[in-house]
> 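Let me give you the structure first, and then I'll get to my questions.
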Amino acid sequence: MNMTASSCTITALVSDHPLVHMLREHLASIKSSKPAIGIFEAGVVHAMLVGRRFGVVSTGTGMKNTLIAGMRAFMGANSERFAGVVTSGLGVVELREGDRSRVEALMKSTSAKAAGNGADVLILGCAGMAGMEELVKEGVREATLGEVQVVDGAKAGVEILAGLARIGRS
């Protein structure tokens, strides 16, 4: 396998962002078969493959409706498999630089609410949440809601693109 830095494109934007569509249009216009994916799409695809119902745990409340609309656009309709978006109210910078006890408490309670909506898979709805998988699982466990799988869309995107490159898509 000969993967180069230009074998594929991933965008670290957790939404149905126009940049992903623009990249695909550009690649098509230059007759490239190289794939482009956003971490939003990668997270949804991964979640749908590993669970029955999935939800998104996100940051500020302003993203909620954007994520819901993006989910409809990506899936082509509403779906019973989508358990919704729950936001923590945290800012992106606050995830890394804010008061740890506050961040942890809000991430745990947000995760528990998302699982309480019937999700058995939770997608991290912000690239700044990378590495918080265990914290999300802990919040669900502490709320006695069982176990959930947690999907980091960036990791999922890298694996999807690597797989496409390995089978010769790029």
Side-chain angles (χ1 to χ4, degrees), residues 10-21 36-163:
I10 186 168
T11 59
L13 303 160
V14 185
S15 68
D16 184 31
H17 200 279
L19 180 58
V20 178
H21 303 288
I37 193 169
I39 63 175
F40 170 78
E41 296 169 324
V44 173
V45 168
H46 184 142
M48 290 182 70
L49 292 172
V50 300
R52 292 181 316 275
R53 290 192 81 210
F54 65 93
V56 178
V57 176
S58 191
T59 52
T61 57
M63 283 302 295
K64 185 173 184 171
N65 290 331
T66 300
L67 288 168
I68 292 169
M71 195 66 66
R72 265 190 219 112
F74 180 67
M75 296 181 71
N78 291 329
S79 173
E80 288 299 315
R81 295 191 65 195
F82 177 49
V85 176
V86 180
T87 58
S88 65
L90 291 164
V92 177
V93 174
E94 192 176 7
L95 286 171
R96 295 290 169 203
E97 298 178 12
D99 175 66
R100 291 309 324 147
S101 60
R102 181 175 185 274
V103 170
E104 289 179 7
L106 284 171
M107 285 300 298
K108 286 180 178 182
S109 66
T110 301
S111 302
K113 286 178 193 170
N117 288 342
D120 62 336
V121 181
L122 298 178
I123 300 170
L124 300 177
C126 176
M129 291 178 178
M132 293 188 170
E133 294 92 339
E134 287 307 313
L135 181 62
V136 168
K137 289 178 182 182
E138 192 177 317
V140 174
R141 271 190 233 105
E142 287 177 4
T144 64
L145 294 169
E147 295 293 323
V148 294
Q149 294 186 65
V150 181
V151 174
D152 178 331
K155 290 178 184 176
V158 168
E159 292 301 324
I160 289 168
L161 290 174

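Because the structure is predicted, anything quoted here is derived from the model rather than measured. Positions are given from 1, in the same order as the sequence printed here. Side chains included, hydrogens not; waters and symmetry mates left out as well; all remaining heavy atoms used.
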> So, for N117 and R53, which heavy atoms are closest and what is the spacing to 0.1 Å?
O-NH1, 3.0 Å

> Looking at every non-hydrogen atom in both residues, tell me the closest pair between I39 and A154 and how far apart they are.
CG2-CA, 3.4 Å

> Check A156 against V151 and note the closest heavy-atom contact, atom names and distance.
CB-CG1, 4.3 Å

> Mind listing the closest non-hydrogen atom pair of A36 and V20 along with its distance?
O-CG1, 4.5 Å

> Strictly by side chain to side chain donor-acceptor pair (under 3.5 Å), give each pair with a member in residues 91-100 just once, sequence neighbours left out.
E94-R102, D99-S101

> Using a 3.5 Å distance criterion without hydrogens, assess whether the side chain of S88 forms a donor-acceptor pair with backbone atoms of S58.
yes

> In Å, rounded to the nearest 0.5 Å, how long is the span from CD1 of I68 to CE of M63?
11.0 Å

> Tabulate below the donor-acceptor pairs under 3.5 Å that side-chain atoms of residues 78-85 make, not counting sequence neighbours, or state none.
from	atom 1	to	atom 2	distance (Å)
N78	OD1	R72	NE	2.5
S79	OG	R81	N	3.0
R81	NE	R52	O	3.0
R81	NH2	M48	O	2.6
R81	NH2	G51	O	2.7

> Please report the interatomic distance OG1(T87) to CG(L67), rounded to the nearest 0.5 Å.
9.5 Å

> Look up atom OG1 in T59 and atom CG in L95, then write down how far apart they are to the nearest 0.5 Å.
6.5 Å

> Given F40 and M71, is the side chain to side chain contact (heavy atoms under 4.5 Å, CB included) satisfied, shown in steps?
CA-CA 9 Å; F40 170 78; M71 195 66 66; 3.9 Å; yes

> Identify the heavy atoms of A114 and L122 that sit nearest to each other, and give their distance.
CB-CD2, 3.5 Å

> Would you name the heavy atoms of A115 and V148 that are closest together and state the gap between them?
CB-CG1, 4.1 Å

> Considering only residues two or more places apart or on different chains, which pairs with a residue in residues 142-151 satisfy salt bridge (Lys or Arg N to Asp or Glu O under 4.0 Å)?
K108-E142, R141-E147

> Please collect all side chain to side chain donor-acceptor pair (under 3.5 Å) contacts where either partner lies in residues 122-137, sequence neighbours excluded, each pair once.
E133-K155

> Among L145, V86, V140, find the one that has a side chain to side chain contact (heavy atoms under 4.5 Å, CB included) with K113.
V86

> Tell me every residue that passes side-chain contact (heavy atoms from CB on, under 4.5 Å) with A73, counting only those two or more places apart in sequence or in another chain.
D16

> Please list, one pair per line, the donor and acceptor atoms closer than 3.5 Å that link side chains of residues 123-130 to other protein atoms, with sequence neighbours excluded.
none

